[in-house]
Amino acid sequence: MGSTASKLQDRTESADFAALLETSFGKNQNLIGKTINGRVVAIDDEYAIIDVGLKSEGRVSLREFSAPGQAPEIRVDDIVEVVVERLEDRDGMTGLSREKARRKEVWADLEQSHLKTERVTGVIFSRVKGGFTVDLGGAVAFLPGSQVDIRPVRDVTPLMGTPQPFVILKMDRLRGNIVVSRRAVLEESREEARSDLLGNIREGSVLEGLVKNITDYGAFIDLGGVDGLLHVTDISWKRINHPSEALQVGQQVTVQVIRYNEETQRISLGMKQLENDPWTGFETKFPVGAVVSGKVTNVTDYGAFIELESGIEGLVHVSEMSWTKKAINPGKLLTVGQDVQVKVIDIDTEKRRISLGIKQTTENPWSHFATSFKVGAEVEGPINNITEFGMFIGLEGDIDGMVHVNDISWDLKGEEAVKVYNKGDTVKVKILDIDADKERVALGIKQLSGAQPEGAKNTATGGSMGHSSSTGGKESVSKGGVVTCTVSAITSGGIEVKTSEGVVGFIKKSDLSRERSEQRPDRFAVGEKIDAKIISVDAKTRKVALSIKARELDEDKAALEAFGSTESGASLGDILGAALKDSSKTSKAKKK
């Protein structure tokens, strides 16, 4: 009986203990995955031993108590938060994780920051495919390569290991994904800087900027949130053909605000304005008439640019290069980089233009010839060229005189008179007229034989020195007159010209030269003076068509060009006015 009671008591106590153990075990089992506080009881080289009040203590790697690349910050008796992973591992210790606990805490804070679109602080610590990983105080985030900076970054090394602000773009707690952006932070700062800059910018302000992009016409400078245009003409006082000659992308530059439009927010910048203007006092240093040294910087169809000093260039027009070589390609006389002597002909400080001459640095052979020979003198020289209207004879000083077809023979006329001679023949001629200013020498062969035969018409000087009539030196008022005009515009189809009276005419592309290779509008320059023949005048529409080609083919006008005429007689205004007047008279006569 007593034995039976004892057995029942033992069974009851055993059942109570089992129930108590089950309760305790179930209670502890519910702690798995939970965050609890623990006390650090020991620290060795690799682990921190933590007592969380369970059956056994747990250990956590020291790496979980430090940021990447930094020493762990933990001491014995520190109270830390950990997550219970399992009650016992194979070593009989409780499995704990400081990293998971910190991650839970950080995730909660990051979610709040994400909802409020606040910036968070993180450290870039490694590179992965497509971007980088960032430690956000315990939570690992992904930073796409496109979100590192506003511009592509070649080397991210300087950014790694340094705490900096980020913006959270996306969070997924279930998957444990966080995507951040550094670029968004920079853009926000940039926008703030842009507002401050636009609010304080003034014309004349000196700013620091970064060359963002280079084009043919200039460079765009990033001023810190806003771009400004630095035109190629404002980079330097000296000639720059392309901005890349002085700038490169990424270069830091100091610029001055030249113009600022508040409505469009367009900013024009300059660099040369921060340097001394080389034009200051230029007229005193290089007065008109001075002979100076310079260097050829550019050669074009219409002349060459000569640098007199840094930032100062002048133009030698093709007509000012040689006394005797007319209509020659400047590239055959000068090369870029060549040192030359030039004479200052004219200075326009307002337009910053200098006209220079090379031929003026040498003796004028036309003036020398005029002082050495008199009208009526007999000379001889080789026939350098034969045309349908006459022959050009080589004279002293490398100049050419012209024997007009009417001054070759008393008996033979036109082509018959020219056929008697060959290019290269040496002939004796008589000087009929000398005009050094217009660079013309008229010669005759038939005048060597004395007076003209009885009944012959006097054509001693006909057509050899110009196109003047007896009416005050003006040209014949009719279709075919030659005028000196100024190029006012250049188009793909030809050039527009204007006389001193303002009458506008047009020369078609096909009429620019007798040579097909020279029928290019771009070989002319606005402001250039040219001689052209009037080929049509429409009195009703007041339209005038001109032709250089026709002038070249016309014997008298071609002679003027060969001698380099700068005064072709009547103005286009005189010719047009007379033509309109004649047209009006004709109309009235018809009505009567």
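Worth saying up front: this structure is predicted, and the values here are computed from it rather than measured. Note: hydrogens, waters and symmetry copies are ignored here, and every other heavy atom, side chains too, is used.
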Peer 1: To check you understand the geometry: which heavy-atom pair defines the closest contact between P163 and G161, and what is its length?
Peer 2: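 That closest heavy-atom pairing would be CD-O, 3.9 Å.
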Peer 1: Show the nearest heavy-atom pair for residues L136 and A141, with the distance to one decimal.
Peer 2: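 Taking L136 first and A141 second, the nearest heavy atoms are CD1-CB, 3.6 Å.
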Peer 1: If only atom types and distance count, is the side chain of T300 paired as donor or acceptor with the main-chain N or O of G303 below 3.5 Å?
Peer 2: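 Yes.
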Peer 1: Under the ring-ring contact (aromatic ring centres under 6.0 Å, His included) rule, collect the residues that match up with F369, sequence neighbours excluded.
Peer 2: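 Once residues adjacent in sequence are excluded, the partners of F369 under the ring-ring contact (aromatic ring centres under 6.0 Å, His included) criterion are F373.
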Peer 1: Would you say the side chain of V487 lies within less than 4.5 Å of the side chain of I507, judging by non-hydrogen atoms?
Peer 2: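 Of all side-chain heavy-atom pairs linking V487 with I507, none is under 4.5 Å.
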Peer 1: Got a donor-acceptor contact below 3.5 angstrom from the S293 side chain to the Q341 backbone?
Peer 2: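 No; zero donor-acceptor contacts below 3.5 Å.
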Peer 1: For residues 116-124, please give each side-chain donor-acceptor pair under 3.5 Å, one per line with the distance, not counting sequence neighbours.
Peer 2:
unit_1 : atom_1 : unit_2 : atom_2 : d
R119   : NE     : E188   : OE1    : 3.3
R119   : NH2    : E188   : OE1    : 3.0

Peer 1: Hey, are the side chains of L546 and V497 touching, using non-hydrogen atoms and a 4.5 Å cut-off?
Peer 2: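 L546 vs V497: side chains touch.
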Peer 1: What residue pairs, at least two apart or across chains, pass salt bridge (Lys or Arg N to Asp or Glu O under 4.0 Å) with a residue in residues 198-214?
Peer 2: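 Counting only pairs at least two positions apart or across chains, the salt bridge (Lys or Arg N to Asp or Glu O under 4.0 Å) contacts touching residues 198-214 are K212-D227.
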Peer 1: Decide yes or no for V226 and I267: does some side-chain heavy atom of the first lie under 4.5 Å from some side-chain heavy atom of the second?
Peer 2: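 Counting from C-beta outward, V226 and I267 do come under 4.5 Å.
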Peer 1: Does this structure show an ion pair linking D511 with K533, if we count only N-O contacts that are shorter than 4.0 Å?
Peer 2: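 Not counted as a salt bridge, because no side-chain N and carboxylate O are separated by less than 4.0 Å.
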Peer 1: When rounded to the nearest 0.5 angstrom, what is the spacing between NE2 in H368 and CD in E363?
Peer 2: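 Nearest 0.5 Å value for the NE2-CD distance: 5.5 Å.
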Peer 1: Do D234 and M271 come close enough that some side-chain heavy atom pair is under 4.5 Å?
Peer 2: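 No, too far: nothing below the 4.5 Å cut-off.
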Peer 1: Strictly distance-based, threshold 3.5 Å: is any side-chain N or O of E307 a donor or acceptor partner for the main-chain N or O of F305?
Peer 2: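 Such a contact is absent between E307 side chain and F305 backbone.
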Peer 1: Can you name the salt bridge (Lys or Arg N to Asp or Glu O under 4.0 Å) partners of D109, sequence neighbours left out?
Peer 2: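 Residues passing salt bridge (Lys or Arg N to Asp or Glu O under 4.0 Å) with D109: none at all.
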Peer 1: CD1/I399 to CG/N364 distance, rounded to the nearest 0.5 angstrom?
Peer 2: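 Reported value, rounded in 0.5 Å steps: 9.0 Å.
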Peer 1: What do the steps show when you test R183 against D149 for side chain to side chain contact (heavy atoms under 4.5 Å, CB included), and what is the final call?
Peer 2: CA-CA 5 Å; R183 174 176 179 170; D149 206 319; 5.9 Å; no
Peer 1: Might you point out which heavy atoms bring L274 and T254 nearest each other, and give the distance in Å?
Peer 2: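 Minimum heavy-atom separation between L274 and T254: CD1-O, 3.5 Å.
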Peer 1: Does R182 form a side chain to side chain contact (heavy atoms under 4.5 Å, CB included) with Q147? I'd like the steps, not just the answer.
Peer 2: CA-CA 6 Å; R182 179 174 175 269; Q147 296 298 319; over 6 Å; no
Peer 1: Going by side chain to side chain contact (heavy atoms under 4.5 Å, CB included), name the residues that satisfy it together with S513, two or more places apart in sequence or in a different chain.
Peer 2: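 S513 satisfies side chain to side chain contact (heavy atoms under 4.5 Å, CB included) with E515, E518, Q519, R523, E552 only.
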Peer 1: Please identify each residue that fulfils salt bridge (Lys or Arg N to Asp or Glu O under 4.0 Å) with D346, with sequence neighbours left out.
Peer 2: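 Per chain and number, D346 pairs via salt bridge (Lys or Arg N to Asp or Glu O under 4.0 Å) with no residue.
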Peer 1: In the structure I gave you, are the side-chain heavy atoms of L315 and L356 within less than 4.5 Å of one another anywhere?
Peer 2: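 L315 vs L356: side chains apart.
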Peer 1: What are the two closest non-hydrogen atoms of F286 and E309, and how far apart are they?
Peer 2: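 Minimum heavy-atom contact is CE1-OE1, 3.8 Å.
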Peer 1: Spell out, as yes or no, whether a donor-acceptor pair under 3.5 Å connects the side chain of E320 to the backbone of H317.
Peer 2: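 No; zero donor-acceptor contacts below 3.5 Å.
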Peer 1: For a side chain to side chain contact (heavy atoms under 4.5 Å, CB included) check, start with the C-alpha distance between L110 and I168, then their side-chain angles and the critical distance, and finish with the verdict.
Peer 2: CA-CA 8 Å; L110 292 178; I168 298 175; 4.0 Å; yes
Peer 1: Whether K359 and E439 form a salt bridge (side-chain N of Lys/Arg under 4.0 Å from carboxylate O of Asp/Glu) is what I want to check.
Peer 2: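 Answer for the salt bridge query: yes.
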Peer 1: Could you tell me whether the side chains of T297 and E313 share a donor-acceptor contact shorter than 3.5 Å?
Peer 2: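 There is such a pair between these side chains.
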Peer 1: Say you draw a straight line from CG of L247 to CD1 of I240; how long is it, rounded to the nearest 0.5 Å?
Peer 2: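 Nearest 0.5 Å value for the CG-CD1 distance: 7.0 Å.
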Peer 1: To the nearest 0.5 Å, what is the distance between CZ on F132 and CZ on F125?
Peer 2: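 Going from CZ on F132 over to CZ on F125, the span is 12.5 Å.
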Peer 1: Evaluate the side-chain proximity of V134 to F166: yes if any heavy-atom separation is below 4.5 Å, no if none is.
Peer 2: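 Yes, their side chains come closer than 4.5 Å.
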Peer 1: With a 4.5 Å heavy-atom cut-off, do V232 and T215 have their side chains touching?
Peer 2: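 The answer is no; the side chains never approach within 4.5 Å.
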Peer 1: May I ask you to check whether over 12 heavy atoms, not counting those of R520, lie within 6.0 Å of atom CZ?
Peer 2: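 Yes.
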Peer 1: Tell me the closest heavy-atom pair linking V288 and I345, and the distance in Å.
Peer 2: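 Between these two residues, the closest heavy atoms are CG1-O, 3.3 Å.
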Peer 1: Would the distance check show the side chain of W237 and the main-chain N or O of K272 forming a donor-acceptor pair, the cut-off being under 3.5 Å?
Peer 2: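 Yes, the answer is positive, given that a donor and an acceptor are paired below the 3.5 Å cut-off.
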Peer 1: Roughly how far, to the nearest 0.5 Å, is the CG atom of N384 from the CZ atom of F392?
Peer 2: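 Here the interatomic distance stands at 10.0 Å.
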Peer 1: Would you check, one step at a time, whether the test side chain to side chain contact (heavy atoms under 4.5 Å, CB included) holds for Y302 with E528?
Peer 2: CA-CA 9 Å; Y302 55 86; E528 182 179 350; 4.3 Å; yes
Peer 1: Determine yes or no for a side-chain-to-main-chain donor-acceptor pair under 3.5 angstrom, with S205 supplying the side chain and V257 the backbone.
Peer 2: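 Checking the backbone N and O of V257 against the side chain of S205, no donor-acceptor pair under 3.5 Å is found.
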Peer 1: Walk me through whether E496 and S488 qualify under side-chain hydrogen bond (donor to acceptor under 3.5 Å, both in side chains).
Peer 2: CA-CA 6 Å; E496 184 179 280; S488 57; 3.3 Å; yes
Peer 1: Are the side chains of V299 and V336 in touch, meaning some heavy atoms are under 4.5 Å apart?
Peer 2: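 V299 vs V336: side chains touch.
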Peer 1: In Å and rounded to the nearest 0.5 Å, what is the CG to CD1 distance from D339 to I306?
Peer 2: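 D339 CG to I306 CD1: 9.5 Å, rounded to 0.5 Å.
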Peer 1: Does N276 CG have over 12 foreign heavy atoms under 6.0 Å away?
Peer 2: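 No, not enclosed.
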Peer 1: Counting only N and O atoms by type, is there a donor-acceptor contact under 3.5 Å from the side chain of W366 to the main-chain atoms of R440?
Peer 2: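 Not a single qualifying donor-acceptor pair exists.
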Peer 1: So which atom in K549 and which in R514 form the shortest heavy-atom distance, rounded to 0.1 Å?
Peer 2: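 Residues K549 and R514, closest heavy atoms: CG-CA, 3.8 Å.
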Peer 1: Between R551 and D531 (side chain of the first, backbone of the second, donor and acceptor by atom type, cut-off under 3.5 Å), is there such a pair?
Peer 2: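 Pair found, side chain donor or acceptor close to backbone of D531.
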